[in-house]
A.B. asks: 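Just passing along the structure, written as structure tokens.
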Amino acid sequence: MRSFLFIPADSEKKLAKAAATGADAIILDLEDSVALPNKQAARANARDYLKSASASGPRVCVRMNALDTPLWKDDLAAVVPHRPHAILIPKTISGDCVKKVADALTDLEAEAGLRTDTIKLFCVATETAASLFNLGTYAGASPRLFALTWGAEDLATALGARSNKDETGAYTEPYRLARTLTLAGAVAAGVIPLDGVYKDFRDEAGFEVEARAAMRDGFTAKMAIHPAQVPIINRIFTPSEEDIAHARAVVEAFARAGEDVGVVALDGVMLDIPHLKQAQALIARAETSRSV
Ligand code: COA
Ligand code: MG
């Protein structure tokens, strides 16, 4: 999975557009894009969407309200019987938050006659100051966990910042740290490192630069807030023919050199074992992204 598109669940108009966007997954939002008076309507829309969603469409995920609100249990109760692919937990502080939601899901799955662990979990794991100290705690938290992502907006509010970007438009240090820790935390947990959103949805060139930087650093997927961002994500996070050809050349260079050789030269560049592993991982990812 490469692209995850957010849709405010109180917007029937946007929900109607979801399936045609080409997103690998959609996230029906019950949290920050839905005002308090609309929470009930958003839950009802999310439930109806899940009931009628086609199996050939995007995977349908739901973002619940945060664990420190009185809303999250009713969010889960409304959608779990209709089998969302996953629940996105906002504002997690550590792997313990995942365990808490996993336990609630286990009870609701039993009530709905679903097998335990049917529904997966992922987290926006950098939205509070305390969360930055705990990105290493997600490994082993739950077999349901399949991705970790990060957010710079709530974090800026939590830290008392005036802005999370500098005069050139680049994220400042606290947000670069949050991004890096999320990447490392996700890889350490063996789950998808999912890059965060880009708010300026009319700036497709800026979005492409950010998506490319994420792909270069190791993220394998990115969230979108607007349908125009989806094809850019799908293109950037699908290995190109050129990348695949280069990876195959690396694997072949090692194969030609023989099993007892740990270093080879290709086109004037030294390659050793990490480069071989990188090439093998890219070939494996190219195969799975084709089968999405
Ligand atoms: N999902 C599905 N459809 C969407 C969409 C989304 N996230 N964002 C926009 N659209 C639709 C619009 O309804 C519009 O439809 P129309 O042509 O029938 O009028 C079309 O795509 C073009 O939208 P546009 O006019 O360019 O944007 P907008 O001003 O309507 O909406 C936002 C801009 C930012 C409010 C909107 O993109 C949005 O709600 N994004 C998601 C926000 C969110 O979920 N945030 C929480 C996570 S950070
Ligand atoms: Mg938020």
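Atoms within each ligand, like the ligands themselves, are counted from 1 in listed order.
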A.B. asks: Could you check Phe4 against Ile26 for side-chain contact (heavy atoms from CB on, under 4.5 Å), going step by step and ending with a plain yes or no?
C.D. replies: CA-CA 5 Å; Phe4 291 66; Ile26 54 173; over 6 Å; no
A.B. asks: Suppose the cut-off is 2.8 Å; which protein N/O/S atoms would you list for the Mg ion (ligand 2)?
C.D. replies: Asp32 OD2, Asp154 OD2
A.B. asks: Quick test of your reading of the model: are Lys39 and Asp10 salt-bridged, counting only N-O distances below 4.0 Å?
C.D. replies: no
A.B. asks: Determine the minimum heavy-atom distance between Trp150 and Tyr171, stating which atoms define it.
C.D. replies: CH2-CE1, 3.6 Å
A.B. asks: Which is it for Arg235 and Glu208 under the side-chain contact (heavy atoms from CB on, under 4.5 Å) test, yes or no, and what are the steps along the way?
C.D. replies: CA-CA 10 Å; Arg235 173 164 47 80; Glu208 175 145 358; 3.1 Å; yes
A.B. asks: Quick check on ligand 1: any N or O pairs to the protein under 3.5 Å? One line per pair.
C.D. replies:
residue  : atom   : partner : partner atom : Å
ligand 1 : 7 (N)  : Phe6    : O            : 2.8
ligand 1 : 7 (N)  : Ile225  : O            : 2.9
ligand 1 : 15 (O) : Lys17   : NZ           : 3.4
ligand 1 : 18 (O) : Lys17   : NZ           : 2.6
ligand 1 : 19 (O) : Lys13   : NZ           : 2.9
ligand 1 : 23 (O) : His226  : NE2          : 3.3
ligand 1 : 26 (O) : Arg202  : NH1          : 2.8
ligand 1 : 26 (O) : Arg202  : NH2          : 3.2
ligand 1 : 26 (O) : His226  : NE2          : 2.7
ligand 1 : 37 (O) : Ile225  : O            : 3.3
ligand 1 : 39 (O) : Lys14   : NZ           : 2.8
ligand 1 : 40 (N) : Ile225  : O            : 2.7

A.B. asks: As a quick check of understanding, evaluate salt bridge (charged side-chain N to carboxylate O under 4.0 Å, His left out) for Glu153 and Lys199, giving each step before the final call.
C.D. replies: CA-CA 9 Å; Glu153 305 309 318; Lys199 272 191 318 176; 3.5 Å; yes
A.B. asks: Is Lys91 paired with Asp154 through a side-chain N to carboxylate O contact shorter than 4.0 Å?
C.D. replies: yes
A.B. asks: Strictly under 6.0 Å, is that where the ring centroids of Phe146 and His85 end up?
C.D. replies: yes
A.B. asks: Out of curiosity, Arg83 CZ to Leu114 CG, how far, rounded to the nearest 0.5 Å?
C.D. replies: 6.0 Å
A.B. asks: What do the steps show when you test Ile233 against Asp195 for side-chain contact (heavy atoms from CB on, under 4.5 Å), and what is the final call?
C.D. replies: CA-CA 10 Å; Ile233 297 177; Asp195 194 30; over 6 Å; no
